[in-house]
Amino acid sequence: MDEPAGKRRFGRADGEPVRALVVDDEIDLADVLTSMLRIEGWDARAAHNGADAVQLAHEFVPDAVVLDVMLPDIDGFEVLRRMRADNPAVCVLFLTARDSVEDRIAGITAGGDDYVTKPFSLEEVLARLRGLIRRAGVVQSAGANRIAVGDLVMDEDAREVRRGRDLIELTATEFELLRFLMRNPRRVLSKAQILDRVWSYDFGGRAHVVELYISYLRKKVDAGRTPMIHTVRGVGYLLKAAGT
């Protein structure tokens, strides 16, 4: 019998399964999610409160976390803050029963990479996690790839970005957004195009998340330097070499 596609596709570069931590106080839901991920070939574990999640994340060092916002002790935003202090690169998919624009933006602002509202399908969660893992470069990519626009250079395999001699630290989502801009230099990209390419789905029609992540990139790529990321009012964004 063939092994699950997820197992074949999502092995880490070191040959180990991709590690996922599911954090939800609904024990049955957490069990279903971890079972699904294990069937797909992931090394999945569960925690049912914030304190246990932080401790397990420290010991387990997950590549991705499925994190409920509402937990019985500390909320998911604080759990994320503590996890990121220990493991800045971890990918986080928030789960919540709340579906307001403000809650979505709060999750992204807190550092979450994606957001799913309850009720959801298992297939949706798996698809979102796969997208995060791909963007984070957890899976070994084939062949060395470098992109350069002016003095901004991206090494896709090493997941490194430099502007001149300065190393720029990016989250998985920031990296994917910058890669899309760099692969389309001097081309105006609409918010809809960015949502479709970077998040792989329409984020509830909410362009706010694009604006938020463009502002994050500007602070890291353009701060104290000649700007490379430009807004074309009413149309979208473009990246071009400084001074051109």
Side-chain angles (χ1 to χ4, degrees), residues 23 63-70 75-81 83-84 88-121 123-138 152 154 159 161 168-185 187-223 227-239:
V23 185
D63 301 301
V65 178
V66 180
L67 180 58
D68 190 17
V69 172
M70 300 299 292
D75 66 33
F77 301 144
E78 175 62 17
V79 171
L80 171 58
R81 188 189 67 78
M83 285 184 181
R84 281 270 168 81
V90 66
C91 301
V92 174
L93 173 67
F94 272 124
L95 301 180
T96 182
R98 300 181 298 183
D99 193 27
S100 72
V101 174
E102 292 76 14
D103 288 332
R104 293 186 182 203
I105 297 301
I108 296 298
T109 303
D113 296 292
D114 207 343
Y115 201 101
V116 174
T117 55
K118 300 177 181 179
F120 49 78
S121 69
E123 290 78 10
E124 179 183 17
V125 171
L126 182 59
R128 299 285 183 90
L129 284 174
R130 283 174 170 166
L132 293 182
I133 290 300
R134 289 192 189 101
R135 298 204 296 268
V138 173
L152 184 65
M154 172 179 285
R159 308 294 293 185
V161 175
I168 300 173
E169 298 288 347
L170 300 175
T171 66
T173 303
E174 290 167 353
F175 186 93
E176 187 67 14
L177 173 55
L178 182 60
R179 172 158 54 185
F180 187 40
L181 293 172
M182 292 182 70
R183 283 190 174 278
N184 295 276
R187 177 185 172 192
V188 180
L189 301 171
S190 70
K191 292 175 183 177
Q193 287 175 307
I194 293 171
L195 281 169
D196 181 66
R197 173 60 181 83
V198 177
W199 281 268
S200 301
Y201 67 101
D202 179 14
F203 198 88
R206 310 301 178 187
H208 307 76
V209 71
V210 177
E211 298 168 2
L212 185 64
Y213 270 86
I214 287 289
S215 72
Y216 290 163
L217 277 186
R218 279 181 166 140
K219 290 174 183 176
K220 295 183 177 183
V221 173
D222 287 345
M228 295 184 68
I229 301 171
H230 303 271
T231 300
V232 179
R233 239 174 243 290
V235 183
Y237 304 95
L238 67 82
L239 180 141

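Computed from a predicted model, the values in this text were never measured in an experiment.
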If you apply the rule side chain to side chain contact (heavy atoms under 4.5 Å, CB included), what do you find for Ile168 with Leu178, and how did you get there? CA-CA 11 Å; Ile168 300 173; Leu178 182 60; over 6 Å; no
Go through Glu211 and Lys191 one step at a time and tell me if the side chain to side chain contact (heavy atoms under 4.5 Å, CB included) criterion holds. CA-CA 8 Å; Glu211 298 168 2; Lys191 292 175 183 177; 2.5 Å; yes
Evaluate side chain to side chain contact (heavy atoms under 4.5 Å, CB included) for Arg183 paired with Arg197, printing each intermediate quantity in order. CA-CA 12 Å; Arg183 283 190 174 278; Arg197 173 60 181 83; 5.6 Å; no
Hey, mind stepping through Leu170 and Leu177 against side chain to side chain contact (heavy atoms under 4.5 Å, CB included) and telling me if it holds? CA-CA 10 Å; Leu170 300 175; Leu177 173 55; over 6 Å; no
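Counting heavy atoms from C-beta outward, Ile214 and Leu181 have side chains that approach closer than 4.5 Å.
A donor-acceptor pair under 3.5 Å is absent between the side-chain atoms of Lys118 and the main chain of Leu95, judged by distance alone.
Minimum interatomic distance between Arg128 and Tyr115 (heavy atoms only, all atoms of both residues): NH1-O, 2.9 Å. Closest heavy-atom contact between Thr171 and Lys220: N-NZ, 4.3 Å. Nearest heavy atoms, Cys91 versus Leu132: SG-O, 3.7 Å. The shortest heavy-atom contact between Val116 and Leu93 is CG2-CD1, 3.6 Å. Taking both residues in full, the closest heavy atoms of Arg84 and Val90 are given as NH2-O, 2.9 Å, listed atom of the first, atom of the second, then distance. Here the closest heavy-atom approach between residue Pro185 and residue Met182 is recorded as CD-O, 3.2 Å.
Atom CG of Asp114 is separated from atom OG1 of Thr173 by 7.5 Å, given to the nearest 0.5 angstrom. Rounded to the nearest 0.5 Å, atoms CD (Glu176) and CG (Asp113) are 11.5 Å apart. Here the CZ-CG distance, from Arg179 to Asn184, works out to 12.0 Å after rounding to the nearest 0.5 Å. Between atom CZ of residue Phe77 and atom CE of residue Met70 there is a gap of 9.5 Å, rounded to the nearest 0.5 Å.
Partner of Tyr213 under the side-chain contact (heavy atoms from CB on, under 4.5 Å) criterion, chosen from Val210, Leu217, Val209: Val209.
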Kindly list each side-chain donor-acceptor pair under 3.5 angstrom involving residues 227-239, sequence neighbours excluded, with atom names and distances?
| unit_1 | atom_1 | unit_2 | atom_2 | d |
| --- | --- | --- | --- | --- |
| His230 | NE2 | Pro227 | O | 3.4 |
| Thr231 | OG1 | Arg218 | NH1 | 3.4 |
| Thr231 | OG1 | Arg218 | NH2 | 2.6 |

